[in-house]
Amino acid sequence: MDSIRFGCWVFLICLLLSTTGYSRNLTSRPAVVNIGALFTFESSIGRVAKIAIQEAVKDVNANSSILRGTKLNVDMRNSNCSGFLGMVEALRFMETDIVAIIGPQSSVVARIISHVTNQLQVPLLSFAATDPSLNSLQFPFFVQTTHSDLHQMAAISDVVDYYGWKQVTAIYIDDDYGRNGMSALGDKLAERRCRISYKVGVPPDSGVNRTDILDMLIKVASMESRVIVLHVNPDVGFEVFSVANRLQMMGNGWVWIATNWLSSVLDSASPLPSETMDSIQGVLFFRQHTPDSDRKRAFYSRWRKLTGGSLGLNSYGLYAYDSVWLIAHAIDAFFNQGGIISFTNYSRLRSVKDSGLHLEAMSIFDDGKLLLNNILQSNLVGLTGRIKFDTDRSLILPAYDVNNVFGTGFKRIGYWSNYSGLTVVPPEILYTKPPNRSSANQELYKVIWPGDTLFTPRGWAFANNGKQLRIGVPLRVSFREFVSQARGTDTFKGFCIDVFTSAITLLPYPVQYQFIPFGDGKNNPSYTELVYKITTGFFDAVVGDVAIVTNRTKILDFTQPYVASGLVVVAPFRKSNSGAWAFLGPFSARLWIVTGCFFFVVGLVVWILEHRINDEFRGPPKRQIITVIWFSLSTLFSTHRENTMSTLARFVLLIWLFVVLIINSNYTASLTSILTVQQLSSHIKGIESLKESDEPVGYQVGSFAEYYLSEEIGISKSRLVALGSPEEYAKALQLGPGKGGVAAIVDERPYVELFLAGQCTFRIVGREFTKSGWGFAFPRDSPLAVDMSTAILALSENGDLQRIHDKWLMQSTCSSDTSELEADKLYLRSFWGLFLLCGLACFISLVIYVLQIIRLFYAAPAESASPGQCPSRSGCIRRLLTLMDQKEDPTKNASKRRKLERSLSGKDQDGESLRNPKKKETERTIGATST
């Protein structure tokens, strides 16, 4: 009995330990599964989410195909938009058997609670916290069951780019939600070469007042950008619109883009008071796109019956409803996999057991990771469409509706999705087609902008902050016709200045600016340093003779070129008179040699082809050599007296005479030019000859020519000589490289043309080897650069640009035309095709001739040998040469000719008798009579 009694006590103690120890276990399929819901009940999102969650729980419990006997119970708590209260309520959840939490709606509260759920391994599913930084790395148990703001900011960026705006002003709520949203917006805008030019944060607490917003918007109105992105909560947002309307910032020229906070209010609380609607006319806003379906339409109908039309259903309500179903499916899969709802006390809280906080009641969900994996692996269709997560734990197929407020409501002007960008076709239709993000495929319907206009706003205006544009102007000491400062004044003049001032008067808005000189006034400044001042913010623009080159366009924007430019080579020249050997000038030495060789080759080929059959190409060796030379040279004038009898020789001669005709014509034209036109010559022919030489080269101080010659062309810097004025140009060229001068100068064409206007002993040699132009420089993505380009085109079209050019630059007293420079010789490359044709004709003819000889060689009998056989190799060669030198039997040809003549004569007589039978009869009668 004692042993039995002892065993019973051991059993009871073990039972007590199992129930009161460090863990508490429930059955694998309990009767009730508890989940929590944490959000702000009295917000526009919370009022809708509360009803949606309750209805979802009812639908889940009424569906026998899911959870099968287990009821889902939801415990709702109010966070009241407070991170502290949210933390308290989350800790209270952890004292119960909560397996998952839905919410919160605030990204700030979600970030705080995620630290708790991560430690206790309870999945936290938020249907409204859209902060893009709530990623899986930092918060592995946090799941966004709506789309992240990363996609919404991409949609806003695409709209900004679609309308051609380059910069925006951002007003955001100054908390994690607002700051991280703006960070995502900045990144997405940068991908499209746009930017946030100014951003201002609004305090997140309720302490912000109307005066603070007024001061903020006054500063915003003084900025350049007129595109404003508003990323705040509803209370602050409507207050901003009200103040902006008072400041006339909701009129023409302004663009307001609101994030999806506005859609949550318009969908749930519409219609809004008329005063509120008047303050948001023309605003663009975004809303999460949910595909149309029968289930969605049925739920909307059910919603109206539930609320009596007093509360509208927004997209967050749909996501809250789907979040409940997502958890239900994940729990069902959890049970199917053998999961057990069990909790273990959090061992790290043992040290605070006696602190009075009762934290020891909190416990870890043992199979929380399994439930989380089931949530992330879910694949179902809800009211919001397909619910599935990608590898980044984000919902697939993000899409938004793009809406426009007008009148008493709003209209949808299109859709955005990361699959196809901006379209007017629902994204679910485009998912069945190949993706197309091309700019031509981006489309939105017409927008009624603030000010009740259909014209797309420019998106920017000059900052109304009393500041003038600081425009840098090079302080030149040479070529002052382009730009110069009037002595003793702050005014500038010159060709470039007149173009700028004329263009700026054509802009549809006033521009305040001041010219700031750059340079020491002793030497031309460095233009690279000048334009770099724009990137540092020292200058707002640069006006002057600034070349548009590649390394500058990488950091700046330029206007349309107002003058064509490019690097050219200037060199001294001399007059070359025609001398005794002028007749050799038209052809290069190589062309003379090749032409002479072909005369001899053609003569030799014709001699070979004619030697056996033509007596004029036979005779003593001396006579035959003279015949070959005479015949070939006489073809130049077509005066050869030898007749050709071979068809092959006539073919070769025909091709050669054609070649001679072409060469003769070109020679005559070139020689005529040499003897009749005054020639100018220089040993520098262009940039290539300058590169190959080792002589010094001049360039203008401050010009980009130095960089181009050394880095692009490869000319050593030791050969480059800096020159500062036209006088230095002339002196250096006159001295030449042997006396401390330069062989040539490389500079831009406008400078060179102005230099040559007064210097008639120099010329441009070779061709312009770069193509560029001069333009006005502005910061990257400056809208003023675009408008100035349009104004420059207008100046060009109305002739003002040419008149300004003639005013400052038409001062030439001598020609700079390069057509008088020494004409290029005729080179072999111009005629190699003709020589190739002639060579092929000779080769083919010789091949045919050799084949004919070989045929005769094998067909003709030889002494003491059968046809085609020779006693030895040397005998064969002698016999072959003898056959080639042997005169062809003329009787064979004569017999063939007589047979051909008789044949032709017989045919003629037969034809005549057929044509005149009476004449034939008369001839017969006369013949009989005479007989």
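Keep in mind it's a predicted model, so treat the numbers as computed, not measured.
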Gap separating the NE2 atom of His805 from the CD atom of Gln802, nearest 0.5 angstrom: 6.0 Å
CG (Asp520) with more than 12 external heavy atoms under 6.0 Å: yes
Heavy-atom side-chain contact between Phe598 and Trp656 under 4.5 Å: yes
Ionic contact status for Asp498 with Lys493, cut-off 4.0 Å: no
Shortest non-hydrogen contact between Leu507 and Ala791, atoms and distance: CD2-CB, 4.3 Å
Within-4.5 Å side-chain heavy-atom neighbours: Phe515 and Gln485: no
Intermediate values then yes/no, ring pair (Phe, Tyr, Trp, His ring centres under 6.0 Å), Tyr751 and Trp774: CA-CA 12 Å; Tyr751 300 123; Trp774 289 354; 5.2 Å; yes
Contact check, side chains of Phe776 and Ile471, non-hydrogen atoms, under 4.5 Å: no
Salt-bridge present (Arg749, Glu753; N to O < 4.0 Å): yes
Tyr532 atom OH: more than 12 heavy-atom contacts under 6.0 Å: no
Pro696 to Val721 - nearest heavy-atom pair and separation: CB-CG2, 4.1 Å
Nearest-0.5 Å distance that lies between atom CD1 in Ile715 and atom CD in Glu692: 11.0 Å
Closest non-hydrogen atom pair, Val652 against Ala841: CG2-O, 3.8 Å
Thr770 and its side-chain contact (heavy atoms from CB on, under 4.5 Å) partner, picked from Leu567, Val549, Val568, Val746: Leu567
Ser845 side-chain N/O to Cys842 backbone N/O, donor-acceptor pair under 3.5 Å: no
Ser478 versus Ser725, closest heavy-atom pair with distance: CB-CA, 3.7 Å
Closest contact, heavy atoms only, Ala743 versus Ile684: O-CG1, 4.1 Å
Lys771/Glu768 salt bridge by N-O under 4.0 Å criterion: yes
Check ion pair Arg780-Asp557 (N to O, under 4.0 angstrom): yes
Given Asp747, Val569, Ile745, the one that forms side-chain contact (heavy atoms from CB on, under 4.5 Å) with Val752: Asp747
Lys/Arg N to Asp/Glu carboxylate O, Arg803 vs Asp800, below 4.0 Å: yes
Interatomic spacing from OG1 in Thr761 to CG in Leu733 - rounded to 0.5 Å: 8.0 Å
Neighbour count above 12 (heavy atom, 6.0 Å) for Arg480 CZ: yes
From Tyr562 atom OH to Phe495 atom CZ, the distance as rounded to the nearest 0.5 Å: 6.5 Å
Non-hydrogen side-chain atoms of Leu189 and Val160 separated by less than 4.5 Å: yes
Cation-pi geometry met for Arg470 and Phe538 (6.0 Å, 45°): yes
Polar side-chain atom of Ser502 near backbone of Val499 as donor-acceptor pair, under 3.5 Å: no
Heavy-atom donor-acceptor pair, Arg552 side chain to Ala547 backbone, under 3.5 Å: yes
Distance-only side-chain donor-acceptor flag, Gln167 / Ser225, under 3.5 Å: no
Asp161 side chain vs Ser157 backbone, donor-acceptor pair below 3.5 Å: no
Exam field: side chain Asn524 to backbone Val477, donor-acceptor pair closer than 3.5 Å: yes
Worked check of side chain to side chain contact (heavy atoms under 4.5 Å, CB included) between Val765 and Lys685: CA-CA 6 Å; Val765 295; Lys685 304 300 181 184; over 6 Å; no
Straight-line distance of Leu556 CG to Asp781 CG, nearest 0.5 Å: 11.0 Å
Side chains of Leu720 and Ser710 in contact at under 4.5 Å (non-hydrogen atoms): yes
Pairwise distance CD1(Ile504) to CD1(Ile792) - rounded to 0.5 angstrom: 10.5 Å
Close side-chain approach of Glu224 to Tyr198, heavy-atom, < 4.5 Å: no
Exam field: side chain Thr559 to backbone Ser789, donor-acceptor pair closer than 3.5 Å: no
Test item: side-chain donor near acceptor, Tyr509 and Asp787, under 3.5 Å: yes
Phe482 side chain near Pro750 side chain, heavy-atom distance below 4.5 Å: yes
Verdict with reasoning, Thr501 to Thr505, per side chain to side chain contact (heavy atoms under 4.5 Å, CB included): CA-CA 6 Å; Thr501 55; Thr505 58; 5.6 Å; no
Shortest non-hydrogen contact between Ala571 and Ala744, atoms and distance: CB-CB, 4.2 Å
Salt bridge present between Glu695 and Arg719 (N-O < 4.0 angstrom): no
Centroid separation Tyr699 to Tyr729 less than 6.0 Å: no
Criterion side chain to side chain contact (heavy atoms under 4.5 Å, CB included) on Ile663 and Phe835, from CA distance to verdict: CA-CA 10 Å; Ile663 293 177; Phe835 288 120; 3.6 Å; yes
NZ or CZ of Lys533 within 45° of Phe539 ring axis and under 6.0 Å: no
Check ion pair Asp545-Arg476 (N to O, under 4.0 angstrom): yes
Stepwise ring pair (Phe, Tyr, Trp, His ring centres under 6.0 Å) test for Phe762 and Phe755: CA-CA 9 Å; Phe762 311 109; Phe755 167 68; 5.8 Å; yes
Pro525 vs Phe518 side-chain heavy atoms within contact, under 4.5 Å: yes
Heavy-atom neighbours of Arg767 CZ exceed 12 at 6.0 Å: no
Side chain to side chain contact (heavy atoms under 4.5 Å, CB included) between Phe778 and Leu469, worked out: CA-CA 11 Å; Phe778 292 90; Leu469 289 179; 5.6 Å; no
